[in-house]
Protein chains: 2
Amino acid sequence: MESEKIHELLKEKIIWLDLMPESLLNLSEMAKSFGVSRTPIKEVLIILQGEGWLLRQGSHFMVTPLSLERIRETTEIRSIMEVQGNIWAMYRITPEELAALGELEKEILQLDDMASNRQMIELDVKFHRRLFQGTKNSQLAQLLEQLLSHYLRFWLSIPREINPKSFFAETLEIIRAIKAKDEARLRAAGAAHIKKSVDEIMSTF
Amino acid sequence: MESEKIHELLKEKIIWLDLMPESLLNLSEMAKSFGVSRTPIKEVLIILQGEGWLLRQGSHFMVTPLSLERIRETTEIRSIMEVQGNIWAMYRITPEELAALGELEKEILQLDDMASNRQMIELDVKFHRRLFQGTKNSQLAQLLEQLLSHYLRFWLSIPREINPKSFFAETLEIIRAIKAKDEARLRAAGAAHIKKSVDEIMSTF
DNA sequence: TTAATTCATTGTGCATACAATATAAATAGA
DNA sequence: TCTATTTATATTGTATGCACAATGAATTAA
């Protein structure tokens, strides 16, 4: 299995709490399980460290702990950049991209109550990723996606039931505001979106 | 020489154009020059890649090219985050931190015309770093510092004379607005600061 | 002379061997 | 029994060897 695949796989495992926060990683063990040597594994772990998923605990790599302070910081940055990102996306998104977003909107509306949490979440992530692309700022898109993933891991750590209608409410409002090219409405929708994020997390502490 | 030092040294070399954009790096050669093996060197290069200083060109590492598009993206993000960062810093900075900023302000005012460009720039970076700490958002601080460094490399690539008075004008206005706890004034100063950045770069193309 | 092909050179990716260090276990003394 | 010290073990850090890929030079054919 090549490096890039291992990187993606491990990131997913961390986000979905398949690798628990604060667990310590064993290089040789991982190398064996992926059928490669320690060298490329370590390189992947260094990258994951740079992305904030791992940190050094002595000479070992540790899955970054869930910390309220960290998620406060993440959300604070998101609250500014995502709102502005939406606005840039509104003005810069191409008709093709907008059409693709419309398709996703349809998919969301067609979700039945039987949809799994994972399905819904992955659809939401996909939606946001497309939206971020629309900003025409690749660095911002990358940043926002990373912040969203970190938020997601935190969010997943709190067991909950998802109601599709409520889960996608702000997301749908955002795409409608973009379609309507209504900046004030978009700004409000974006702010509401983040506020809900904060409330959901803070209400559990 | 240990890893961390090598990392800092190479980053400085890249920022100050001692390692030119688009140059290809030779692992064995670097290993020899630092008196270590290729393994730790490669780990450092992977980290630098994650920070945006290097990218992969085939199987080689290349110093990231200077690109107008990239610096446009960087500046766009800065224009939002730095203004908001200043505001958070204004409300959250501790009296000790504010005093330290005051000291830097003094240092700036005492600069004579004989000061080297490098001295002035390093003082400016130091000032911004302290200001970013004041946001009480370590992730934001780290991000802003990185964006500033990337901007700096670009800025340094255009030969120019620096006039201390003009170079520090906006910076000084920012600290005064913070001392005065005047949000409107701070917002204006921050915006002017970024606008000057953009103008300086765009005027050369 | 030009184009194409071969061959040599150079440099990296990955694996592995070895050294250093941290961790855990075991033993001896109080 | 508890503690301290030593010993053993596990795990990472670093160096290096080898295979392969990319690059460019040289040689050959058109």
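What you see is a predicted model, and the numbers here were worked out from it, not measured in a lab. Order of the sequence lines fixes the chain letters, A, B, ..., with proteins taken first and strands second; residue numbering starts at 1 for each chain.
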- Enumerate the residues from residues 44-58 of chain A whose closest heavy atom to DNA chain D is under 4.0 Å, giving them by residue number; use none for an empty result.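 Here the set is A:Arg56.
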- Message: So, under a plain 3.5 Å distance rule, would you say the side chain of B:Arg38 forms a donor-acceptor pair with the base of C:dG11?
- Response: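 Absent.
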- First and last nucleotide of DNA chain D touching chain A, 5' to 3', heavy-atom cut-off 4.0 Å?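 Under 4.0 Å from chain A, the extent on DNA chain D is D:dT11 to D:dT14.
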Polar atom pairs (N or O), protein with nucleotides 21-24 of chain C, under 3.5 Å:
none

- Rounded distance in Å - NZ (B:Lys42) to P (C:dG13):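 After rounding, the reported distance stands at 4 Å.
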- Nearest-Å distance for atom pair CD/P, residues A:Glu2 and C:dC14: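 Atom-to-atom, A:Glu2 to C:dC14, this comes out as 10 Å.
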- Query: Does A:Gln57 use its side chain to pair, donor to acceptor, with the backbone of A:Met62 at less than 3.5 Å?
  - Reply: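 Checked: no pair found.
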- Message: Using modelled atom types and a 3.5 Å cut-off, is there a donor and acceptor pairing between side-chain atoms of B:Glu51 and backbone atoms of B:Gln146?
- Response: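 No; zero donor-acceptor contacts below 3.5 Å.
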- Across the strands shown, which category fits A:Leu24 at heavy-atom distances under 4.0 angstrom: base, sugar-phosphate, nothing?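 Counting heavy atoms under 4.0 Å across all strands, no contact is made by A:Leu24.
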- Message: Quick check with a 6.0 Å cut-off and a 45 degree axis cone: is A:Arg118 positioned over the face of A:Trp16's six-membered ring?
- Response: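 Positive - A:Arg118 is close enough to the ring of A:Trp16 and near enough to its axis.
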- Do NZ/NE/NH1/NH2 and the carboxylate oxygens of A:Glu97 and A:Arg92 come within less than 4.0 Å?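 Between A:Arg92 and A:Glu97 there is no salt bridge, as every charged N stays at least 4.0 Å from the carboxylate O atoms.
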- Using the side chain to side chain contact (heavy atoms under 4.5 Å, CB included) rule, pick out the option among B:Ile178, B:Ile175, B:Leu104 that qualifies with B:Leu131.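 Testing each of B:Ile178, B:Ile175, B:Leu104 against B:Leu131, the sole residue satisfying side chain to side chain contact (heavy atoms under 4.5 Å, CB included) is B:Ile178.
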